[in-house]
*Asks:* 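Input: one structure, supplied below.
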Amino acid sequence: MKTNDVILQTTTKVVFFIIFLFSIHIFFAGHYTPGGGFVGGLLTTGAIVLLLLAFDLKTVQKALPFNFTIMTGIGLLLALGTAAGAIFFNVPFFTHAFDYFTLPLFGETSLHTAMVFDAGVFLVVVGSAITIIQSIGGDS
Amino acid sequence: MELLMAILIGILFTAAVYLILSRSLIKIVIGTGLLSHGAHLLILTMGGLGGASPPVLAEGVTDFADPLPQALILTAIVISFGVTAFMLVMAYRAYAVHKTDDMNQMKGNDEHD
Amino acid sequence: MINLLLFPIIIPFLFAILLLFFKENVVMQRVLSVIGVTLGLIASFYLLITIKAEGVQVVTLGSWPAPFGISMVSDMLSALLVTTTLLITLFVIIYSFTSIGKERERFFYYPAILFMVTGVNGAFTTGDIFNMFVFFEVLLIASYLLIVLGGEKKQLRESIKYILVNIVSSALFVITVAYLYSVVGTLNMADISVKITEIGQPGIITVIAVLLLIVFGIKGSIFPLYFWLPGSYAAPPIPVLALFGALLTKVGIYAIMRTYTLFFIHDTGFTHEILMVLSILTIIAGCIGALAYFDLKQIIIYNIVIAVGVILFGAAQMNEAGISGAIFYLIHDMLIKGALFLLIGIIIYVTGTSNLRKMGGLMKTHAPLGWFYLIAAFGLAGIPPLSGFVGKLLIAQGAFQAGNVWGSIIILASSLVVLLSVMRIFIYAFWGEPVALPKIERKSYAQLMFPAIVLVVLSILYGIGTEWLIPYMTDATNVLLDPSIYIDAVLGE
């Protein structure tokens, strides 16, 4: 099934980055407002699926040469690692820590271990969803 | 409002049961999706629909929504997302191997292999 | 070490993640999964000792105070089940080295097993009803992968049904949790128990009790809801079948035992009566199935159903003998089912068929296999001093104490049917005229025998060592019979 979707392909090239940046925004917004790793991850997945629709699997794999299984693994490790950090301080599992730092450019910002956990969730969602889509689309 | 939600959930469950009992594999997958939507809405309704403000600590807010059902729904949605995705892969593979999506032709035991 | 009780859950999870990075490296996968399960096993033994010394262990995740955060609670029953789970998994993994085949090993077979163990251990340990749902899903998704892995025609067909049944039961679980939340306004299991005592179990709670029985009954395969089990369990290869048979239904049974001893204890005349009647019907249905088939796998699969009935019958008595008998029998059944499935796996491997009519005379060529099978079969039927005896004795004793004479007679009669069904395998497979066997490697036969023999020996030790196990069993029984121990440990008053 080879169609020549000039309009779709051209828009996708622009829209992909907009969706991707928006997903990053949503991911960071999850700090205090609605958003977070899962939603951000789903948005990124949506962007990649749009690429898959506009182009084909091979082109996308060439453009994004990640192993998505490894990505899932890294995400799970990040999430588990953040949660398990509590073990070394002998406080209950999943206990999070945060503090306020003054960073250049951002000014005073609160940094939170829960964000690392969320980054893990982000990677797991993207990794597993794309793995599933690849395994369906792989042999058609 | 609760009554309206109850009716909506009932409709979702009815549709889900109808679809799950149908023969086509893809309809069954859609049916399971509807079933989990109904269950999620049920959690929301069961937690009570009251509460005008979001459940965030702020000055002078006393009437806020119950955050727990929302957390439960989020978890349940993530899980049903994973399961539905997996089920779609499975349905596709089963269709590719069996050359049919009719559940009637997929019954049987060892003797049919 | 406040987090000790989480280690048997986290360690398999960590190693499952690590395995994702070594997809193609089969040797690495094997080594890492054995290391992971062994470490988990060490942690769980340490946990057992700690619980024996210090009582119920609790940790509430994220440092939230108890009814609000997710509590993980490890009492003696959970710790015993967690330990047994890891023990069986270890030997099933070793058995898989020779029997599962490189194709499956390369496609996330070991990670799936470890994820499933994470889910099983989590479900045994959690003290939060919604968290139990989450762990159920973890183990179910891993089991979906395991049941379909390999993608044979039959597997695909059966796993669709398996997944569908489980999705529906999971949706029911969510619905039930929603009802429970709207009535008691909490999800912490200890807190739920307190709240139900306060409102004195009105009718709606009894409805929820029956709904929960349906949910866990589908997972644990009790009488009208076991319909999916024989077909689905026959599809995957033997090591997966052994894991499913030994672990998955037991999670459902554990959940029924936990909820029916912690939540719904104020109207036992209704709820526990239903449980008892259903468990007896389960036993009868299982007996019919076990006698009807000439297929090795099906016979043992129907024996799972019988065991489910026996355990729940014990749990439904709600007296000390009945419950401690149920716990004894639960752990015995996990060990012996693991061993039996591995042994019939070897029989199928040696003869190349699972049809009893096509085998015979194995005693001449494979005598050790025959003897170990015989021991395992006697253990399953509960012939003293083997492991099934004590559990059944206590269950029958409990039933007589509670005045359910007919029930205990059916339990004892079912032992005979169990014995008959497994002896049929012995007679058909090991006696009679030898049939021509397909050529197999002697080396892999020996490698398959090792884990099976160890499991059989463990079950023998479990039977002989009853005397030393009694203190542990008493602890487990006390927590189930007296919910205040559990509640005090969690809510800390």
*Asks:* Kindly state whether the ring of Tyr181(C) and the ring of Phe130(C) have centres lying under 6.0 angstrom apart.
*Replies:*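 Centroid separation for Tyr181(C) and Phe130(C): 6.0 Å or greater.
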
*Asks:* What residue, out of Ala235(C), Ser182(C), Gly185(C), has the most heavy-atom pairs lying under 4.5 Å from chain B?
*Replies:*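 Looking at each of Ala235(C), Ser182(C), Gly185(C) in turn, Ser182(C) comes out on top.
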
*Asks:* Any donor and acceptor pair, going by atom type alone, linking the side chain of Ser193(C) with main-chain N or O of Met189(C) inside 3.5 Å?
*Replies:*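 Checked: no pair found.
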
*Asks:* Can you say whether Val134(C) sits under 4.5 Å from chain B via the side chain, the backbone, both, or neither, judging by heavy atoms?
*Replies:*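 Contact with chain B is through both the backbone and side chain of Val134(C).
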
*Asks:* So what's closer than 4.5 Å to chain B heavy atoms on Phe133(C): side chain, backbone, both or neither?
*Replies:*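 It is the side chain, since no backbone atom gets that close.
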
*Asks:* Can you tell which part of Val168(C) gets under 4.5 Å to a heavy atom of chain B, answering side chain, backbone, both or neither?
*Replies:*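 Both parts, heavy atoms under 4.5 Å.
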
*Asks:* Is it true that a side-chain atom of Gln70(B) and a backbone atom of Pro67(B) form a donor plus acceptor pair closer than 3.5 Å?
*Replies:*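 Not confirmed, Gln70(B) side chain does not pair with Pro67(B) backbone.
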
*Asks:* Under 3.5 Å, is there a donor-acceptor pair between the Ser232(C) and Lys161(C) side chains?
*Replies:*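 No - no donor-acceptor pair under 3.5 Å links their side chains.
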
*Asks:* Between Asn188(C) and Ser71(C), do the side chains contain an N or O donor and an N or O acceptor separated by less than 3.5 Å?
*Replies:*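 Short answer, yes.
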
*Asks:* Pick one of side chain, backbone, both or neither for Ser159(C), based on which atoms fall under 4.5 Å of a heavy atom in chain B.
*Replies:*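 For Ser159(C), heavy atoms of backbone and side chain both lie under 4.5 Å from chain B.
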
*Asks:* If you count heavy-atom pairs within less than 4.5 Å of chain C, which of Ile28(B), Leu68(B), Leu35(B), Ile20(B) leads?
*Replies:*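 With the most close heavy-atom pairs to chain C, the winner is Leu68(B).
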
*Asks:* Sort out for me which residue in Ile129(C), Ile205(C), Ile208(C) forms a side-chain contact (heavy atoms from CB on, under 4.5 Å) with Phe263(C).
*Replies:*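 Per the side-chain contact (heavy atoms from CB on, under 4.5 Å) rule, the option paired with Phe263(C) is Ile129(C), out of Ile129(C), Ile205(C), Ile208(C).
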
*Asks:* Only pairs of heavy atoms separated by less than 4.5 Å count here; which of Val183(C), Leu172(C), Leu145(C) has the most with chain B?
*Replies:*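 Top count of heavy-atom pairs under 4.5 Å with chain B: Leu145(C).
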
*Asks:* If I measure from the heavy atoms of chain C, does Phe13(B) come under 4.5 Å with its side chain, its backbone, both, or neither?
*Replies:*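 Answer is side chain: those atoms of Phe13(B) sit under 4.5 Å from chain C.
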
*Asks:* Looking at Leu72(B), Val83(B), Ile79(B), which one has more heavy-atom pairs under 4.5 Å with chain C than the rest?
*Replies:*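 Top count of heavy-atom pairs under 4.5 Å with chain C: Leu72(B).
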
*Asks:* Strictly distance-based, threshold 3.5 Å: is any side-chain N or O of Gln298(C) a donor or acceptor partner for the main-chain N or O of Ala234(C)?
*Replies:*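 Checked: no pair found.
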
*Asks:* Go through Gly82(B), Ala76(B), Pro69(B) and name the one with the most non-hydrogen pairs under 4.5 angstrom from chain C.
*Replies:*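 Option with the greatest count: Pro69(B).
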
